[in-house]
Amino acid sequence: MSSPMGDTGPARSFESRLNRVADARAPYVESAPEVSVLPDWKRDVTQRLSPLTALIAGMFAVFAVRLAQYHINGTALVSNDPSLTMAVEAGVVILLSVIVMLLIPFKSAFTKLGYLAGIAIALVGMHNAVHAVPPIFSLLFSQSWTADVIAVTEPNSLYVRGDTIVLALPESKNAEKTMPTVLRMN
């Protein structure tokens, strides 16, 4: 038969070994960074919204350059040399975009592409916003500027180098609206 081992037996030596291992690992455990197994939802949301935010920022950059250009030089959206006006605006906006891209914390290609797409859309389509809300543009620019833009351009179109490209035919105000006919089987 075996006798009971007391405090100095194998159980006590195992516990002391565990304590020695824990003491040896303590500096490594304390210095290890915290690991989270949950995804960072803020980073995921901002990464998904960054191209959309960049698109809006690109549109706003074009709007800001045109507003500044109008109030400094008196240059209109529609000018005698639209190719030169569009080239100057594009150059200033691209210079501004380089500055903004250095400041935006997101460096992905989709963010930069979204910013450049916003610039392109606003360069050729800002007049559609003027057609949509002329009172706001009358306050920001002037009534004559807004009237000129509305007179020269058409809604639902692209204004490229002085040429208007209509995207959709506007509805005629005199057109009669008819109900569609429904075929029924009897």
In Å, rounded to the nearest 0.5 Å, how long is the span from [atom1] of [X] to [atom2] of [Y]?
{"X": "Leu67", "Y": "Ile72", "atom1": "CG", "atom2": "CD1", "value": "9.5 Å"}
{"X": "Asn128", "Y": "Ile121", "atom1": "CG", "atom2": "CD1", "value": "11.0 Å"}
{"X": "Asn19", "Y": "Phe14", "atom1": "CG", "atom2": "CZ", "value": "10.5 Å"}
{"X": "Phe63", "Y": "Leu123", "atom1": "CZ", "atom2": "CG", "value": "14.0 Å"}
{"X": "Glu15", "Y": "Leu18", "atom1": "CD", "atom2": "CG", "value": "7.5 Å"}
{"X": "Ser142", "Y": "Tyr70", "atom1": "OG", "atom2": "OH", "value": "3.0 Å"}

*Between Leu52 and Met59, is there a shared hydrophobic cluster once you connect ILVMFWY residues whose side-chain heavy atoms come closer than 4.5 Å?*
yes
*Please check if Val133 and Val130 belong to a single hydrophobic cluster, counting links between Ile, Leu, Val, Met, Phe, Trp and Tyr side chain heavy atoms closer than 4.5 Å.*
yes
*Can you see which heavy atom on Ala122 is nearest to which on Val62, and at what distance?*
CB-CB, 3.6 Å
_Closest non-hydrogen atom pair, Tyr115 against Ala61_ = OH-CB, 3.5 Å
*Report the C-alpha separation of Ile150 and Thr146 in whole Å, then their side-chain angles, then the decisive distance to 0.1 Å, and conclude whether the side chain to side chain contact (heavy atoms under 4.5 Å, CB included) test is met.*
CA-CA 6 Å; Ile150 290 174; Thr146 305; 4.0 Å; yes
_Using a 3.5 Å distance criterion without hydrogens, assess whether the side chain of Arg66 forms a donor-acceptor pair with backbone atoms of Met126._
no
*Could you tell me whether the side chain of His71 and the main chain of Leu140 form a donor-acceptor pair under 3.5 Å?*
yes
*Evaluate the criterion side chain to side chain contact (heavy atoms under 4.5 Å, CB included) for residue pair Trp145 and Ser138; output intermediate values, then yes/no.*
CA-CA 7 Å; Trp145 183 89; Ser138 295; over 6 Å; no
*Near Ile136 CD1, under 6.0 Å, is it more than 12 heavy atoms from other residues, nucleotides or ligands?*
no
*Should the ring pair His127 and His131 be called parallel, tilted or perpendicular, given that the plane angle runs from 0 to 90° and is split at 30 and 60?*
perpendicular
*Show your working on side chain to side chain contact (heavy atoms under 4.5 Å, CB included) between Arg17 and Ser13 and close with a plain yes or no.*
CA-CA 6 Å; Arg17 176 157 171 76; Ser13 66; over 6 Å; no
